[in-house]
Amino acid sequence: MMNTAMKLSVFAVAAALLTVLVKKQSPELALVLSLCACTLGAAVLLQALRPLLSLANSLAAKAGLEPELAEPLWKCLGMGLLTEISAGLCADAGQTALAKVVELGGGILCLCVSLPLLQAVLALIEGLL
C-alpha cells in the first residue's frame, strides 16, 4: 500500500505541475489534463479499495447486517467520493456555483439512497414500542 501511495503522490504532483504549465497557454487543455489525472488516480484507488470492501462486507455478514441495509452505505460512500471529485473539478474550471450544486445534489441523493435504512430504523422503533 505504501508503494501505491508513493506512486499516486508522485503522479499527482507531476500532473499538477504539468497542468500549471499548460494552463498558461491553454486553460481548456489544462482542465482536460486535470480530469484525466483524476480519472487515473481514481482507478488506482479503486484497486486499493478492494481488500477494504471485502473486509467490510465480511464484518457486515458476521454482524448479521442484511445486504439490503449495507448496500446504501456503500452507495453513499461512492456518491460522496464522486461528488467531491466532480465539485473540485468544477471549482478548478471556475464554475463555483456549479460545484455547489453538485455538492448539494450529492447530499440529497445520499439521503434518497439511505431511505431503506431510515425505514428499517423506524420499523425497529415501532417494534420496540
Side-chain angles (χ1 to χ4, degrees):
M1 287 296 159
M2 186 65 174
N3 191 23
T4 302
M6 193 176 305
K7 286 179 183 178
L8 184 63
S9 297
V10 169
F11 172 73
V13 170
L17 290 174
L18 187 59
T19 301
V20 168
L21 292 174
V22 171
K23 192 172 189 174
K24 293 177 184 177
Q25 300 297 321
S26 175
E28 297 84 10
L29 186 58
L31 181 62
V32 170
L33 177 62
S34 179
L35 180 61
C36 290
C38 287
T39 303
L40 288 173
V44 168
L45 291 176
L46 285 177
Q47 294 299 322
L49 278 177
R50 287 186 194 274
L52 181 62
L53 290 175
S54 176
L55 175 65
N57 286 330
S58 174
L59 290 175
K62 287 179 182 179
L65 187 62
E66 297 176 22
E68 297 83 27
L69 298 179
E71 187 177 323
L73 296 173
W74 301 127
K75 286 183 180 179
C76 282
L77 177 63
M79 287 191 307
L81 294 172
L82 184 61
T83 298
E84 183 69 25
I85 292 169
S86 300
L89 287 170
C90 289
D92 284 351
Q95 300 296 320
T96 309
L98 185 57
K100 295 295 180 187
V101 168
V102 169
E103 290 173 352
L104 178 64
I108 291 171
L109 292 173
C110 279
L111 286 174
C112 291
V113 166
S114 65
L115 283 178
L117 289 175
L118 295 174
Q119 291 169 338
V121 169
L122 286 175
L124 179 66
I125 292 172
E126 287 176 351
L128 293 174
L129 297 177

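All values derive from a computational prediction rather than experimental measurement. Every heavy atom of this structure was used, including side-chain atoms; hydrogens, water molecules and symmetry mates were not.
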Is there a side-chain contact (heavy atoms from CB on, under 4.5 Å) between K7 and V44? Walk through the geometry before answering. CA-CA 9 Å; K7 286 179 183 178; V44 168; over 6 Å; no
Please evaluate residues C36 and V32 with respect to the criterion side-chain contact (heavy atoms from CB on, under 4.5 Å), reporting the C-alpha separation (whole Å), side-chain torsions for both, the decisive distance (0.1 Å), and the verdict. CA-CA 6 Å; C36 290; V32 170; 4.3 Å; yes
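- For residues 114-129, the set of pairs meeting the side-chain hydrogen bond (donor to acceptor under 3.5 Å, both in side chains) definition, not counting sequence neighbours, is empty.
- Note that CG of L109 is 7.5 Å distant from OG1 of T83, once rounded to the nearest 0.5 Å.
- Residues passing the side-chain contact (heavy atoms from CB on, under 4.5 Å) test with L59, sequence neighbours excluded: L55.
- Taking CG from L124 and CG from L129, the interatomic distance works out to 9.5 Å, rounded to the nearest 0.5 Å.
- Not a single salt bridge (Lys or Arg N to Asp or Glu O under 4.0 Å) links E84 to another residue, sequence neighbours left out.
- Applying the salt bridge (Lys or Arg N to Asp or Glu O under 4.0 Å) rule to K100 yields the partners E103; only residues at least two apart in sequence or on another chain are considered.
- Tracing side-chain contacts under 4.5 Å through hydrophobic residues (I, L, V, M, F, W, Y), one reaches L29 starting from L18; they form part of the same cluster.
- Listed by chain and number, the residues in a salt bridge (Lys or Arg N to Asp or Glu O under 4.0 Å) with K75 are E71 (sequence neighbours excluded).
- The two residues C90 and V102 have their closest heavy-atom pair at SG-CG2, 4.4 Å.
- The side-chain hydrogen bond (donor to acceptor under 3.5 Å, both in side chains) analysis of residues 28-54, with sequence neighbours excluded, yields the pairs Q47-R50.
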Give the C-alpha distance, both sets of side-chain angles, the deciding distance and a yes or no for side-chain contact (heavy atoms from CB on, under 4.5 Å) between L73 and L117. CA-CA 9 Å; L73 296 173; L117 289 175; 3.8 Å; yes
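- Among all heavy-atom pairs drawn from C76 and C110, the shortest one is SG-O, 3.3 Å.
- Shown here for C38 and I85, the closest heavy-atom pair between the two residues is CB-CG2, 4.4 Å.
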